[in-house]
Chemist: 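Before we start, here is the structure in question, set down as structure tokens.
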Amino acid sequence: MDLFKNIIPFLNPFGVIAFLVSGIFISLFFGLSKRNQIKIFIFVLVQILLAGAFFINIYSYNIYGEFSSNLFTSGIFETAATGFILLSAIISFAVIFICNRKNDNFIKTVMIFLFAVISSVIIIISKNFTSFFIGTGCFLTAFFALTTLLNEDLVTIYNENTVKGRDLIIQRNISAAIIRFFIVCLLFLILLFFGFSILYGATDVKNFLQLFENIQSGGINIIFSLIIISISFYIYFGIFPFQAPYIGFVNKTEISSLYVLWFLYFPAGILSILKFTPIILILNKNLKAGEYILYVLLVTIFISSVCSAIAGFKTKSLRKTLGYLFTLLLSGYFVNLLMLLNGFIKEDNLNWLNIFNLAYFAVCFLPVVFIFSFIENAVKKDHVNNLKSLFYKNKIVGIFLIIIIFSLIGVPGFFSYPARKYYFDTIIDILNSKTGSLTVLNGWLVMTIIIIYMISIAAVSIRLLIILFLKEKKENDIQDKLDFPKAFYVLLGVFAAFILFSGIIGLLETLNPAVSLFGSRITDSAIFIKNLK
């Protein structure tokens with residue numbers, strides 16, 4: 001028992017990495033095997049290891065609490081972020097297995113996938129600049145290698161009925177799309193390294209915590225480095241007008257690589273940029289720096305919201321719709337930071353709002369990806385018209401999608417409403433001339449940006465809602481009824497039940513915290529509401 005207690009400190013956060021590394025070592029013994037039974041064994045093993053890592057991540061934090069060393073740190077946010085990455089990895093790996101199990105390089109793909117997940121965990125828990133930068137570089141390298149292997153069957157075409165010249169054109173287009181995307185990632189890494197170099201030169205510190213303590217001595221160099229780092233992340237996320245490589249990647253690549261893109265690449269970027277939040281909080285205390293940060297956030301939210309809403313409203317592609325919707329969800333992190341910097345929420349609440357956004361992404365965006373990708377595979381066409389008559393072809397899935405869309409919008413009684421209420425309250429405060437630390441003009445600008453952000457999400461979501469009820473002409477219907485596997489109904493039912501339950505509990509807690517049943521408070525499970533107060 002004493003030995004177990006001595007081991008526990010090392011489980012947080014290294015237990016997660018140990019589980020995943022063991023999967024890589026075990027896979028090495030079967031790296032050259034092409035047998036289907038071995039592939040199934042590796043799939044089951046890796047899923048068990050990912051689930052075990054998810055459990056040990058939470059268990060070790062509950063027992064030991066926060067962890068900190070020279071290179072790494074772990075607290076409540078790191079624990080939640082690691083859990084989110086592992087949950088995304090479980091789902092992404094299931095899709096990879098379904099779509100790529102016949103690939104001869106499947107086991108190699110598994111090892112690279114686990115390495116990418118390990119790298120993303122290192123990004124989350126890194127405290128030192130070196131470990132953070134190395135984790136980011138390893139993650140991008142693994143992501144490029146992984147997407148290349150996942151699209152190998154598309155690049156190498158074995159169709160005797162097609163013209164050879166057409167094969168070469170398709171191969172060239174897919175390869176070029178992946179390479180262009182990787183060049184963007186490389187540019188991000190170069191700019192990030194340049195920004196970190198300026199940070200190190202200006203402050204002579206090597207980790208984030210020391211930087212927070214010594215940032216005021218850096219002067220203008222700190223601001224310049226943050227500008228460079230901001231540009232690098234702007235490129236990383238492919239925010240307008242840097243969307244061309246991302247759109248090419250989405251259009252050309254195989255469906256399983258899109259799951260890796262949405263559930264590993266983009267979340268890793270979100271969790272990376274959140275590490276700079278304390279630096280921004282300190283800089284915000286300086287009047288000139290605070291003005292700069294305010295307007296940068298306003299412009300960023302405006303561009304990402306408006307451009308994504310317009311593009312998402314006009315596009316005919318389901319894949320692009322998901323991409324633009326994701327960009328809108330990303331803007332929510334900047335909106336949270338904007339409210340914090342200007343006194344509308346407390347600093348202690350920011351982590352919980354960001355954790356809520358991770359849960360919002362998993363609960364609301366994830367099932368939309370499931371539904372869209374399944375319909376695309378069934379219809380064999382990436383077009384938004386695939387959603388037409390979905391409510392009439394399959395009422396169960398149609399109802400589930402309606403519930404999810406209502407939660408995306410933030411309708412009261414659904415999962416996202418408690419967090420959305422903070423935006424409504426901020427708007428009301430500004431209308432009542434309670435502008436926090438802002439001037440009246442800046443207060444109105446913040447209110448306008450928040451309204452634009454909420455309208456943008458609502459516009460794209462309502463468009464999808466309308467298409468669900470549009471009836472196609474009989475001759476244009478590919479099939480009268482769209483059948484889903486039974487496991488799919490169960491999965492979507494779990495998401496829908498959680499959205500409704502948490503939404504109702506949150507609404508009751510918001511309206512009347514004293515609601516009780518048989519002597520127990522109904523709203524005791526409204527954890528986010530309680531921690532955001």
Side-chain angles (χ1 to χ4, degrees), residues 16-17 19-25 27-28 31 46 50 53 71-72 81-82 85-86 88-89 92-93 95-96 100 103 105-126 128-152 154-155 174-197 228-229 231-238 242 245-246 248-250 252-254 256-273 275:
V16 171
I17 297 176
F19 267 78
L20 301 181
V21 168
S22 66
I24 295 178
F25 277 114
S27 300
L28 282 172
V46 171
L50 288 171
L71 295 176
F72 304 106
T82 301
I85 288 293
L86 293 172
S88 299
S92 301
F93 185 60
V95 176
I96 289 174
N100 299 89
N103 193 318
N105 291 320
F106 174 74
I107 296 180
K108 296 178 184 177
T109 302
V110 171
M111 290 187 286
I112 296 174
F113 176 81
L114 289 176
F115 184 72
V117 176
I118 291 171
S119 300
S120 62
V121 172
I122 291 175
I123 291 173
I124 293 170
I125 64 176
S126 290
N128 186 279
F129 291 165
T130 304
S131 60
F132 175 80
F133 188 78
I134 290 175
T136 304
C138 290
F139 174 77
L140 293 178
T141 304
F143 175 80
F144 176 69
L146 183 61
T147 52
T148 302
L149 284 176
L150 291 176
N151 291 280
E152 185 181 32
L154 292 180
V155 175
I174 297 170
S175 300
I178 296 175
I179 291 172
R180 279 197 300 268
F181 195 90
F182 181 70
I183 290 174
V184 170
C185 295
L186 186 61
L187 179 59
F188 155 75
L189 201 61
I190 292 172
L191 289 175
L192 186 66
F193 180 75
F194 182 39
F196 268 104
S197 300
I228 299 297
I229 293 172
I231 294 173
S232 69
F233 278 105
Y234 197 82
I235 294 173
Y236 180 97
F237 290 114
F242 301 109
Y246 161 75
F249 185 90
V250 166
K252 300 294 191 304
T253 52
E254 196 248 8
S256 59
S257 62
L258 297 184
Y259 276 82
V260 177
L261 178 76
W262 286 319
F263 301 125
L264 283 181
Y265 176 83
F266 283 131
I270 291 173
L271 298 170
S272 297
I273 200 170
K275 284 189 166 293

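Below, all heavy atoms of this structure are taken into account, side chains as well, without hydrogens, waters or symmetry copies. The residues of the chain are indexed from 1 along the displayed sequence.
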Chemist: Please list, chain by chain and in numerical order, all residues satisfying side chain to side chain donor-acceptor pair (under 3.5 Å) with S131, sequence neighbours excluded.
Modeler: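 If we apply the side chain to side chain donor-acceptor pair (under 3.5 Å) test to S131, skipping adjacent residues, the hits are S126.
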Chemist: Is it the case that over 12 heavy atoms from other parts of the model lie below 6.0 angstrom from the CZ atom of F193?
Modeler: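 Open: at most 12 neighbouring heavy atoms sit under 6.0 Å from CZ of F193.
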Chemist: Indicate the atoms forming the closest heavy-atom contact of F139 with A116, along with that distance.
Modeler: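 Minimum heavy-atom separation between F139 and A116: CD1-O, 3.3 Å.
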Chemist: Can you sort out the partners of Y265 under side chain to side chain donor-acceptor pair (under 3.5 Å), two or more places apart, ordered by chain and number?
Modeler: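 Checked Y265 against side chain to side chain donor-acceptor pair (under 3.5 Å); zero matches.
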Chemist: Are any side-chain N or O atoms of N151 and backbone N or O atoms of T253, one a donor and one an acceptor, separated by less than 3.5 Å?
Modeler: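 Answer holds: no.
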Chemist: Say you draw a straight line from OG1 of T147 to CZ of F181; how long is it, rounded to the nearest 0.5 Å?
Modeler: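 Taking OG1 in T147 and CZ in F181, the distance rounds to 8.0 Å.
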Chemist: So, for I123 and S272, which heavy atoms are closest and what is the spacing to 0.1 Å?
Modeler: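 That would be CG2-OG, 3.0 Å.
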Chemist: If I take atom CZ from residue F72 and atom CD1 from residue I124, how far apart are they, to the nearest 0.5 angstrom?
Modeler: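 One finds 12.5 Å between CZ of F72 and CD1 of I124.
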Chemist: Check F237 against I270 and note the closest heavy-atom contact, atom names and distance.
Modeler: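 Taking F237 first and I270 second, the nearest heavy atoms are CZ-N, 3.5 Å.
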Chemist: What's the shortest heavy-atom distance between S232 and L192, and which atoms?
Modeler: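 That closest heavy-atom pairing would be CB-N, 3.9 Å.
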Chemist: Could you point out which residue of I118, L149, L264 forms a side chain to side chain contact (heavy atoms under 4.5 Å, CB included) with F113?
Modeler: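 Exactly one candidate clears the test, L264.
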Chemist: Could you tell me which residues satisfy side chain to side chain donor-acceptor pair (under 3.5 Å) with S120, sequence neighbours excluded, listed by chain and number?
Modeler: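 Result, side chain to side chain donor-acceptor pair (under 3.5 Å) vs S120: none returned.
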